[in-house]
Structures are given as C-alpha cells and as structure tokens.
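Below is one structure, written out as structure tokens; the observations come after it.
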Amino acid sequence: MTKDPRWQGYDVPPTSNANYGWILNIVSKLSANGMAGFLLANGALSGDGTELNIRRQLLKNHLVEAIVILPRNMFYSTDISVTLWILARNRKARTVEQNGELVKYRDRENEVLFVDLRQWGEPFEKKYIQFSQEQIARIAENFHNWQREGYEQTYRNVPEYCYSATLDEIEAKGWSLVPSKYIEFVNRDETVDFETRMTELRNELNRLLQAETESLRELTKVFTDLGFPLDVPQQNDAAHEQK
C-alpha cells in the first residue's frame, strides 16, 4: 500500500524486508510524549537505498533516542545478536512527574545514545545469556543519567560500552546506526610488551615439554620392566645432536 498513512513523510518501505515497515507502523502509533522499544535484526542499522532514506528521516525528525546492541544467545528462537531500538516522540527539555518525583529531561534532539552490551550478561540455562538484576540497574541508570539535566556530571562515554553521538557525527558516518562506528574500541594489543609476553609463553611451553618428557620416561620404564619395551624415538638425543 503505497498510500498508507503510516508512511506519510517517509519513503514507502521496501516489500523485500519488513523492518522499516514495522518501524514506521510503531512511529505512527506514538503519542505526543510516547516512547517505544522494540527488537530488530542488526541489519536494519545500516541498510541502503529506501531503508537509508527512512532512517535518515527518522533521525532528522529527532525520533531515535537510543540504539542498544545485545549479546548473542539471549532468546530461545535465535542465537544471533539483535538490537534494541528506543524511539521517543518528545525529546525536548521538559519536567515530568514520575512516581511522585519531578524528573528534568534535557534536550536530546540532536543526539543518539549508542550502547554495546555484547560482552555483558551471565549464563542462563547452560547455553543462554541473561542480564543480572545488578546489570539491568546499571544499564538503566546510565540511560537515565544521559537523558536528564546534569548529565555532564553523571554520564560519560565509556570505551566498548557507550557513546553519545551528535547528528553531525551520524551524518558523517552515512546515517549508519551501527554502534561500533561510534563507540571507542580499545586495542589491547598495543599495550602488550611483546618480549615479555613471548618469554612467558616460552617458559610455559618449556615446563609443558619437560613434564611430557618426564611422563614419557616413566611410561617407558613401566613397559620395559614388564618386558614389553616401547620403541620410542630418541628425540632428546636428536635435539642434542642438532645443537
């Protein structure tokens, strides 16, 4: 349906993939202060063509609040990593009463929070992953701190965890919503002392080889004492001769 009112202001979603049809359907149901959270496959974060046009317009309309990438094996129906999208109709500065408390939201229209939780979680039913209650509380606190006034003191970008990107930064990345394009990656290889690490590995390997040699010697002696000597190559002698 190319004239569907849900598509008003956007390109008509492609028929080959329902992701952006679902997104626009959800957007059409948001109230003036409504918010929505839903899961999609990670491919929806960076599609080209019509999907890119719709994604760009969603961002320019200041609807995308946060993009949260989740660990693998969180769901019974699939083992892939998926993304939690959070949309909000009203992202301007405002004060709202919630549970008897006044919450002061800051203006976030030109920002999107990216969160990478792929390394979070704990084992559940052997092969699945779930978030602990403590982790859920930490994630929620970080999100709410980012949303509210005073976030300069309560929120910070953390490598391999979260990053608050401006629309200018997102435009520079081709309107991609892939979190890894914005969240800093820590190259741990640069902090490794190669000589020290190789010496540690060599010493460990020497210990393993010495233990193997001793085990082989004892096993050979046992079979020899039983009258069934083993035909074991004299590796140590050959190695000695090479020296």
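Values below: all heavy atoms of this structure, side chains included; hydrogens, waters and symmetry mates excluded. Keep in mind it's a predicted model, so treat the numbers as computed, not measured.
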Handout entry: Beyond-backbone contact of Ile69 with Val178, side-chain heavy atoms, under 4.5 angstrom
Key = no

Practice task
May I ask you to establish whether Arg106 and Tyr151 are in a cation-pi arrangement, using a distance under 6.0 Å from NZ or CZ to the six-membered ring centre and at most 45° from the ring axis?
Solution key: yes

Practice task
Please answer whether the main-chain N or O of Glu51 pairs with a side-chain N or O of Arg56 as donor and acceptor at a distance below 3.5 Å.
Solution key: no

Handout entry: Beyond-backbone contact of Arg89 with Leu63, side-chain heavy atoms, under 4.5 angstrom
Key = yes

Problem - Trace of the side-chain contact (heavy atoms from CB on, under 4.5 Å) decision for Tyr155 with Arg148 - result: CA-CA 9 Å; Tyr155 169 85; Arg148 299 175 183 181; over 6 Å; no

Problem - Modelled atom types, side-chain donor and acceptor of Gln147 and His144, under 3.5 Å - result: yes

Practice task
Report yes if some heavy atom in the side chain of His62 is under 4.5 Å from a heavy atom in the side chain of Leu167; otherwise report no.
Solution key: yes

Exercise for the section: Determine, for Glu111 against Arg108, whether the closest basic-nitrogen to carboxylate-oxygen distance falls under 4.0 angstrom. Expected result: no

Problem - Main-chain N/O of Tyr128 paired with Tyr76 side-chain donor or acceptor, under 3.5 Å - result: no

Problem - Gln98 CD: over 12 foreign heavy atoms closer than 6.0 Å - result: yes

Practice task
Using atom types as modelled and distance alone, determine if a side-chain donor or acceptor of Asn42 lies under 3.5 Å from a backbone N or O of Ala44.
Solution key: no

Exercise for the section: Is it possible for you to check whether Arg156 lies under 6.0 Å from the centre of the six-membered ring of Trp146, through NZ or CZ, and within 45° of that ring's axis? Expected result: no

Handout entry: Near-ring test Tyr163/Phe114, centroid separation under 6.0 angstrom
Key = no

Practice task
Answer yes when Asp79 and Arg72 have at least one side-chain N-carboxylate O distance shorter than 4.0 Å, and no when they do not.
Solution key: yes

Problem - Donor-acceptor contact present, side-chain Asn99 to main-chain Glu101, <3.5 Å - result: no

Exercise for the section: Just jot down the ring pair (Phe, Tyr, Trp, His ring centres under 6.0 Å) partners of Tyr105, sequence neighbours excluded, or say none. Expected result: none

Practice task
Check whether any side-chain heavy atom of Phe124 sits under 4.5 Å from a side-chain heavy atom of Met74, and report yes or no.
Solution key: no

Practice task
For residues Asn142 and Tyr161, determine if any side-chain heavy atom of one lies less than 4.5 Å from a side-chain heavy atom of the other.
Solution key: yes

Exercise for the section: Would you please say whether a donor-acceptor pair under 3.5 Å links the side chains of Asp11 and Thr50? Expected result: no

Practice task
Run the numbers on Ile86 and Phe143 for side-chain contact (heavy atoms from CB on, under 4.5 Å), then give the verdict.
Solution key: CA-CA 11 Å; Ile86 300 177; Phe143 176 57; 4.2 Å; yes

Exercise for the section: Indicate yes or no for a side-chain donor-acceptor contact from Asn25 to the backbone of Gly21 under 3.5 Å, with no hydrogens or angles considered. Expected result: no

Handout entry: Short side-chain to backbone donor-acceptor contact, Ser81 and Leu70, under 3.5 Å
Key = yes

Exercise for the section: Heavy atoms only: give me the nearest Asn61-Tyr10 pair and the separation to one decimal. Expected result: ND2-OH, 2.8 Å

Practice task
For Trp22, look at atom CH2 and say whether over 12 heavy atoms of other residues, nucleotides or ligands are found less than 6.0 Å away.
Solution key: no

Handout entry: Crowding at CZ, Phe223 (>12 non-hydrogen neighbours, <6.0 Å)
Key = no

Problem - More than 12 heavy atoms of other groups within 6.0 Å of Gln119 CD - result: no

